[in-house]
Number of protein chains: 4
Amino acid sequence: MTRARPTHVGRAARRATAPEDGSNDGVETRSRILDAAEDLIARDGFDATPTAQIAARAEVPKGLLFYYFPKKIDLLRTLLAERLPAHPLCAAADIAVHGDVAGSLVRLAHGVDLSRPDSPVLASILFREAGTHPEVGHHLRAMHDGLVELTERVLDIAAASPLNHRRRREAAQTFVALLLHSANARRFDGPLPDLTAAASMVSSSLVPIGGA
Amino acid sequence: MTRARPTHVGRAARRATAPEDGSNDGVETRSRILDAAEDLIARDGFDATPTAQIAARAEVPKGLLFYYFPKKIDLLRTLLAERLPAHPLCAAADIAVHGDVAGSLVRLAHGVDLSRPDSPVLASILFREAGTHPEVGHHLRAMHDGLVELTERVLDIAAASPLNHRRRREAAQTFVALLLHSANARRFDGPLPDLTAAASMVSSSLVPIGGA
Amino acid sequence: MTRARPTHVGRAARRATAPEDGSNDGVETRSRILDAAEDLIARDGFDATPTAQIAARAEVPKGLLFYYFPKKIDLLRTLLAERLPAHPLCAAADIAVHGDVAGSLVRLAHGVDLSRPDSPVLASILFREAGTHPEVGHHLRAMHDGLVELTERVLDIAAASPLNHRRRREAAQTFVALLLHSANARRFDGPLPDLTAAASMVSSSLVPIGGA
Amino acid sequence: MTRARPTHVGRAARRATAPEDGSNDGVETRSRILDAAEDLIARDGFDATPTAQIAARAEVPKGLLFYYFPKKIDLLRTLLAERLPAHPLCAAADIAVHGDVAGSLVRLAHGVDLSRPDSPVLASILFREAGTHPEVGHHLRAMHDGLVELTERVLDIAAASPLNHRRRREAAQTFVALLLHSANARRFDGPLPDLTAAASMVSSSLVPIGGA
DNA sequence: AATGAATGAGATTTCATTCAT
DNA sequence: GATGAATGAAATCTCATTCAT
């Protein structure tokens, strides 16, 4: 039984969250498209997600999607630009506790965007497309650098005594690598490293044995 | 629907590398296809690589590709199965040196398949497709588990005194996470963690401070 | 993989039969595709008719065909569902004349859909694909049953005296078999049975010789 | 897990019925191919049956199939020519019994090739391809004519008194139509007409009411 | 802003047939 | 006769994108 003609529910299917006055300023439509794109691209990958499917899930007509995002790649770009801040949002001062390096790192791991509810989804996109879409690669590297910088500030505050620059950097890079690996592993249901244990290790590497 | 009979001899039927006796049992053809698939999939991603392009690079007609690999996904499966051992190939005893934990870990990092010449290429595939192709995810998890086990054996041999099981496991998991992140970061030109520094950190975390 | 943008206007976008107001809601396009499919499938068989040929005859681009009928088999299904009623459209009362069994059967043969202008075409499809496409088989059996039922009602009205149930059923089944064979024979230019003669035979079989 | 290379069982898989001296004169191979073709074409239709599948079921290499049957259509032609006699094999005299028209027709129905064990299979092919492959249509028409002729001879022998030519022909054509429809209906699991009842009807139509 | 039919390039896959050994 | 790799045309189907309304 084939349908007489493909039909589409269209604007009439607007959700409960539409403005009460019945107007639709396009903001909601646009973000519904981004929501759909985020979910589907995270699940299936960018190349494997047809624009038609994104439009269907967003309950907008196919043509409208291209009004907001003239090229498919714009969806990806916009998701990164608007939903995944390249620089960590939390301040070192709010996280670090003087004298508690390991604990500060653990709080850092929790405070960072990568653990926000929608973050696994975006991280998924980030890691998957990083190798093939240059702009995604840039974004990921920028995030990495921001995280390393933040981690260094946290270590500075948390450490009992001034840190050797090289060691601080190595500690920060290692911890951030574990943070990123954790986000990456989540998307393929891989085993996650124990960040608390890692924080201890990193922390203990900074403690000069014998006060050196 | 009768097909036209082939009229074109095919410039690729014989290549410089063909066996001297002129025989061609298909083994060489098959591996040429896999070579091409490996390169292109690693560079552009599985979905973004048309089979036509793989055939062209392998210098075989499109149809022949499907003679050896009936579905496109079989290329991916075969690359994993035949070219990327799920279990590390080196033995703990060849790597670990008693009394030198950090050095043993560094040697492990070098000895492991992930640093073989063709490994970045395959790692690229592995990480990119892990989230969307279940079998790739399995493979990656199997590799992870194999690496953790190997790392634990290395730590056992290298450690001066018997290790606490939980600590040993945490150390191994952390180091393997860094190993994998390193392989992953390479594919999007991300900054690589300093594995030597990481080996020190992990190593120092195993040294009981004050004999505890 | 970005697609090239369409550069060709499409000579078939507007046809002589398009609505005067220039609107095109797709209804006409859809039925043009079905027309083409009906002709070609009837002539060459379903498997031997490429979708490209159907599209060409309908003067629509190949892609549009799959917009309306996502799978090729949907064309067949739709033809059956929309163009070949599974149940005969004529009423027994309009056909049967009390006291004239043979004449009533002849009128039945003419009144039934199988003799409509487009019917040989569809019957062709029906018989050819019945063995391999289950849904076509169902349709054909449903048609058969509907015809037998109608024929029985016609016999009831036309017969001078009440009929023995078993005999009535045998008569109806035999006549319908001849009806169907006739439709089938037409498609391979086979000799058609003389339905008038058959109607007489069937009719005479119902007349109790000597009132038995 | 993709096979290293497609393998083929080859002649080694020869069946128990091969000649004891180990030779293979090709007769057995050839008929094994025809067996396979018959089964598969009957089940799926000629167009939908790949030669590769026929070769696989026959357990012969693909290339060998084309040694015996250079074109795919030759398989169909050969099946008709060698396995489906265009003319009925039984003699009227062996079937007809003077004075028993209905019984003679029933015996005819059973004696005719269409009820042989392999006949449904071939009938299937016959009816399916009759409309599209001219040679199949010819064959079917030839069979029809042969059957009508045979039926007329049977009627002549069985009838108590000489038959009017036109009536005899009509009776024969009607009965043959039912015979063919029966063979055709079998292939799509359609309801089969009751040939015994039909024989009675046809027979009664020949009995001059009131001795006319 | 909204709509959905239209477009055509290109993707994967199938397959009859050939041919060197 | 036997074998299976090789060939390339063609089939079905997908999809980003456009455009008239």
Side-chain angles (χ1 to χ4, degrees), chain A residues 5-8 10-11 24-26 29 49-53 55 60-68 70-73, chain B residues 1-10 12-13 21-27 29-30 47 49-53 55 60-68 70-73, chain C residues 1-10 12-13 21-27 29-30 47 49-53 60-73, chain D residues 5-8 10-11 24-26 29 49-53 55 60-68 70-73:
Chain A
R5 197 174 349 145
T7 64
H8 176 73
R11 290 185 60 218
N24 190 339
D25 56 7
T29 301
T49 304
T51 52
Q53 202 184 333
V60 299
K62 245 185 329 204
L64 194 53
L65 189 147
F66 287 89
Y67 174 79
Y68 288 106
K71 301 285 163 188
K72 189 189 182 189
I73 191 70
Chain B
M1 290 291 112
T2 310
R3 310 305 171 90
R5 77 198 59 117
T7 55
H8 167 73
V9 171
D21 63 358
S23 77
N24 189 347
D25 59 3
V27 169
T29 302
R30 200 184 104 104
D47 288 333
T49 305
T51 51
Q53 203 183 332
V60 299
K62 264 184 308 193
L64 193 53
L65 191 146
F66 290 92
Y67 176 75
Y68 289 104
K71 302 283 164 189
K72 188 188 180 189
I73 190 71
Chain C
M1 290 293 111
T2 310
R3 309 308 171 88
R5 77 198 59 115
T7 56
H8 167 74
V9 170
D21 63 359
S23 77
N24 190 345
D25 60 3
V27 169
T29 302
R30 199 183 105 103
D47 288 334
T49 304
T51 52
Q53 203 182 332
V60 298
K62 266 184 305 194
L64 193 54
L65 191 148
F66 291 93
Y67 177 76
Y68 289 103
F69 307 98
K71 304 280 164 193
K72 187 188 181 190
I73 190 71
Chain D
R5 199 170 350 143
T7 63
H8 176 73
R11 291 185 58 219
N24 191 339
D25 56 4
T29 301
T49 304
T51 51
Q53 201 182 334
V60 298
K62 243 184 330 203
L64 194 53
L65 189 147
F66 287 89
Y67 174 79
Y68 288 105
K71 301 283 162 189
K72 188 188 181 188
I73 191 71

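A note on names: the letters A, B, ... follow the listed sequences, proteins ahead of strands, and every chain is numbered from 1.
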Separation of [N] [atom2] from [X] [atom1] (nearest whole Å):
X     : N      : atom1 : atom2 : value
D/F66 : F/dA6  : CZ    : P     : 18 Å
A/K72 : E/dA9  : NZ    : P     : 20 Å
B/K62 : F/dA9  : NZ    : C1'   : 9 Å
B/D47 : F/dC15 : CG    : P     : 10 Å
D/Y67 : F/dA2  : OH    : P     : 8 Å
B/L65 : E/dT12 : CG    : P     : 9 Å
B/Y68 : E/dC15 : OH    : P     : 19 Å
B/Q53 : E/dA9  : CD    : P     : 19 Å

Requested in this report: Only counting residues at least two apart or in another chain, list the ones meeting side chain to side chain contact (heavy atoms under 4.5 Å, CB included) with D/T49.
Outcome: D/L40, D/I41, D/D44, D/I54
Query raised in the report: Of the nucleotides F/dA16, E/dC15, E/dT12, which one has an atom closest to the side chain of B/P50?
Result: E/dT12
Report task. Give the nucleotide from the list F/dT7, F/dA6, E/dT3 with an atom nearest to the side chain of B/P61. Result -> F/dT7
Report summary line: Of C/L64 and B/L64, the one whose nearest nucleotide on DNA chain E sits closer to the 5' end is C/L64
Report summary line: Ranking C/G63 and B/A52 by the position along DNA chain E of their nearest nucleotide, the one closer to 5' is C/G63
Query - Value rounded to 0.5 Å, distance of CG in C/D47 from NZ in C/K72 - result: 6.0 Å
Which pair of non-hydrogen atoms, one from [X] and one from [Y], has the smallest distance, and what is that distance?
X     : Y     : answer
B/T51 : B/L65 : O-CD1, 3.7 Å
A/K62 : A/A55 : CA-CB, 3.9 Å
B/F66 : B/P70 : CD2-O, 3.3 Å

Would one find a side-chain N or O of [X] under 4.0 angstrom from OP1 or OP2 of [N]?
X     : N      : value
D/T51 : E/dA16 : yes
A/T29 : E/dA1  : no
C/K71 : F/dT14 : yes

Query - Helical stems, DNA chain E - three or more consecutive Watson-Crick or G-U wobble pairs below 3.5 Å - result: E:2-21 with F:2-21
